[in-house]
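Computation of the quantities below employed the complete heavy-atom set of this structure, encompassing side-chain atoms and omitting hydrogens, waters and symmetry-equivalent molecules.
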Amino acid sequence: MLPLANMPFMEHVVRALVDNGIDEIVAVVGYQKERVMDYFEDGVKFGARITYVFQEERLGTAHALRRAQEHIDDQFLVVNGDNILDSRAVGDLLSADGDYVILGALREHAGDYGVLVVDGDVVKQIHEKPGRACAGIVNTGAYKMMPDIFEEIPRTPISERGGYDITQTLCQMMERGVKIRTVVTKAIWGDAAFAWDLLAANSIAAGLMKSEIHGEIEDGVVIRGQVSLGEGSLIRSGSYIIGPVLIGEGCDIGPNVTILPSTTIGDSVRVGSFTEIRNSILMRGSRIGSMSVISDSVIGEDCCLGDMCLIEAGSSLAEVEGEFYRAEFGAVMGDSVVAGSRVLMMPCSVVGSSAKIGSGVTIRGSVERGSRVV
Ligand SMILES: CC(=O)N[C@H]1[C@@H](OP(=O)(O)OP(=O)(O)OC[C@H]2O[C@@H](n3ccc(=O)[nH]c3=O)[C@H](O)[C@@H]2O)O[C@H](CO)[C@@H](O)[C@@H]1O
């Protein structure tokens, strides 16, 4: 449900399916399922009938798929709800020949995905997240399948990660001689494992959106490229906005604010004068003071940053739940973070929800949720 281009991740997926004429969707939901169900309801307003099935415990992708079994009696597609794929990628999968097709994509850094070993367009093996640096065809997690997969899933052994992986199920079928093909798409596909991956996905999604101006733009505002402005939003004089930029409803931006690609601003956001924002996501209800610079960052809902805050982008190690990952971004922030004025956040800062940061503080590394930094 995290927003990309001001639309929940999953809505991009649903739209890509509906654009291809798919009008029946089974959504496997678990964590915070009410948020998904309240938003999509029966799916009719999105152009498809959505049925929900529940996975109480996250026991892997094969286990998740099995929840949908009773609703499937014909060839079907499987897509991840947290990947961004444009409708051409779904089209590539639909038009590919074969009972079983894996949508592949070429990646220079394939090691963090399932890597496909192929002979022509036939998949011979899937190496699940080999880790090592390698280029190759990765499994996008989008598949065309037949209902007999449900006979194989119960024979899937538990993985080292402690779950039942659909990639393992498919490998077993290959060993039994079932032909599984791949179609390598050149269309847009991306996934988001970490909060900072949202930035790349957002920039893809923002580039796909059309410009629509519903709000008010004062005289003396420069707008170039694809820029959307929701109802009741105001861009004050002297502001400079270079798309792709999406601004939601009821926002108050400026005066003299600079917003650079690829930035998405949710509903009811306030950005104070002389502030610059680039390549960032600001979620609904957040407030940014004057003369601040926010770069390559994800700011959660209802955050409040004071004047002259600086979030610097760069490459560093980001800490998530005690593990360190090499990354390149400014800061990622949970919801309801409050920061005073003159706060400096060093590259790859990770700030937990409801943290309170005093004025003049420099943040390095991670701040636990709910903590107070002075
Ligand atoms: C084992 C497996 O499938 N691996 C694939 C999966 O890895 P990856 O490790 O990324 O798979 P995730 O854990 O992200 O799960 C994929 C999708 O299934 C959902 N989910 C997952 C587990 C679960 O118990 N319930 C559930 O609903 C997730 O919310 C997500 O939407 O996607 C990658 C593409 O992004 C592929 O390159 C990997 O080959």
Q: Closer than 3.5 angstrom, by distance alone: can the side chain of S280 be matched with the main-chain N or O of I299 as a donor-acceptor pair?
A: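 Such a contact is absent between S280 side chain and I299 backbone.
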
Q: Ignoring hydrogens and angles, tell me if any N or O in the side chain of S371 forms a donor-acceptor pair with the backbone of A355 under 3.5 Å.
A: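 It does not hold such a pair.
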
Q: Compare every heavy atom of S297 with every heavy atom of I311, then report the nearest pair and how far apart it is.
A: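 Heavy atoms only, the tightest pair is CG2-OG, 3.3 Å.
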
Q: Considering only NZ, NE, NH1 and NH2 on the basic side and carboxylate oxygens on the acidic side, decide whether E276 and R278 come within less than 4.0 Å.
A: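 Counted as a salt bridge, because a side-chain N and a carboxylate O are separated by less than 4.0 Å.
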
Q: Would a line drawn from the ring center of F46 to the ring center of Y39 be shorter than 6.0 Å?
A: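 Judged by ring-centre distance (under 6.0 Å), F46 and Y39 do meet the cut-off.
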
Q: Between S262 (side chain only) and N279 (backbone N and O only), is there a donor and an acceptor less than 3.5 Å apart?
A: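 Between the backbone of N279 and the side chain of S262 there is no qualifying donor-acceptor contact (under 3.5 Å).
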
Q: Among side-chain atoms of Q69 and H71, is any donor-acceptor pair under 3.5 angstrom?
A: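 Distance-only check fails for Q69 and H71.
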
Q: How many angstroms lie between atom OG of S295 and atom CG of L260, to the nearest 0.5 angstrom?
A: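 Reported to 0.5 Å precision, the distance equals 9.0 Å.
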
Q: Side-chain donor-acceptor pair under 3.5 Å between S273 and S290, yes or no?
A: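 Present: a donor and an acceptor within the cut-off.
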
Q: Please determine if R236 and D252 form a salt bridge, counting it only when a charged side-chain N lies under 4.0 Å from a carboxylate O.
A: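 Answer for the salt bridge query: yes.
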
Q: Check the pair Y100 / D148 against side-chain hydrogen bond (donor to acceptor under 3.5 Å, both in side chains), numbers first and verdict last.
A: CA-CA 10 Å; Y100 283 88; D148 58 7; 2.3 Å; yes

Q: Applying ring-ring contact (aromatic ring centres under 6.0 Å, His included) between F194 and each of F324, F329, Y325, report the one that passes.
A: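 Considering F324, F329, Y325, a ring-ring contact (aromatic ring centres under 6.0 Å, His included) with F194 is found only for Y325.
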
Q: Whether K129 and D112 form a salt bridge (side-chain N of Lys/Arg under 4.0 Å from carboxylate O of Asp/Glu) is what I want to check.
A: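 Salt bridge absent between D112 and K129.
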
Q: What residue pairs, at least two apart or across chains, pass ring-ring contact (aromatic ring centres under 6.0 Å, His included) with a residue in residues 104-152?
A: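 Passing the test, one end in residues 104-152: F76-F150, Y113-W189.
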
Q: Check whether the side chains of T185 and D92 place a donor and an acceptor atom closer than 3.5 Å, and report yes or no.
A: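 There is such a pair (donor and acceptor under 3.5 Å, judged by atom type) between the side chains of T185 and D92.
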
Q: Could you tell me the separation between the CD atom of Q55 and the NE2 atom of H63, rounded to the nearest 0.5 Å?
A: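 Answer for the CD-NE2 pair, Q55 versus H63, is 5.5 Å.
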
Q: Check whether the side chains of D191 and N83 place a donor and an acceptor atom closer than 3.5 Å, and report yes or no.
A: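 The answer is no; no qualifying pair exists.
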
Q: Working to the nearest 0.5 Å, report the span between OG of S237 and CD1 of I217.
A: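 It comes to 12.0 Å.
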
Q: Pairing donors with acceptors under 3.5 angstrom, does anything connect the side chains of T264 and N202?
A: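 Looking only at side-chain atoms, N202 and T264 do form a donor-acceptor pair, the distance falling under 3.5 Å.
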
Q: Mind checking the CG-CD spacing from D267 to E231? Nearest 0.5 Å is all I need.
A: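 It is 10.5 Å, given to the nearest 0.5 Å.
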
Q: Assess whether atom CG of D38 is packed by more than 12 heavy atoms of other residues, nucleotides or ligands within 6.0 Å.
A: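 For D38, atom CG is crowded (more than 12 foreign heavy atoms under 6.0 Å).
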
Q: Are side-chain N/O atoms of E128 and Q168 paired as donor and acceptor at under 3.5 Å?
A: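 No - no donor-acceptor pair under 3.5 Å links their side chains.
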
Q: Work out which heavy atom in C303 is nearest to a heavy atom in S286; give both atom names and the distance.
A: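 That closest heavy-atom pairing would be N-OG, 2.9 Å.
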
Q: Measure from the side-chain N and O atoms of S233 to the backbone N and O of L229, and report whether any donor-acceptor pair falls under 3.5 Å.
A: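 Here the side-chain-to-backbone pair does not exist.
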
Q: Hey, could you give me the OG1/CZ distance between T169 and R155, rounded to the nearest 0.5 Å?
A: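 That separation rounds to 10.0 Å.
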
Q: Atom CE in M291, atom CE in M308: separation rounded to 0.5 Å?
A: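 Taking CE in M291 and CE in M308, the distance rounds to 5.0 Å.
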
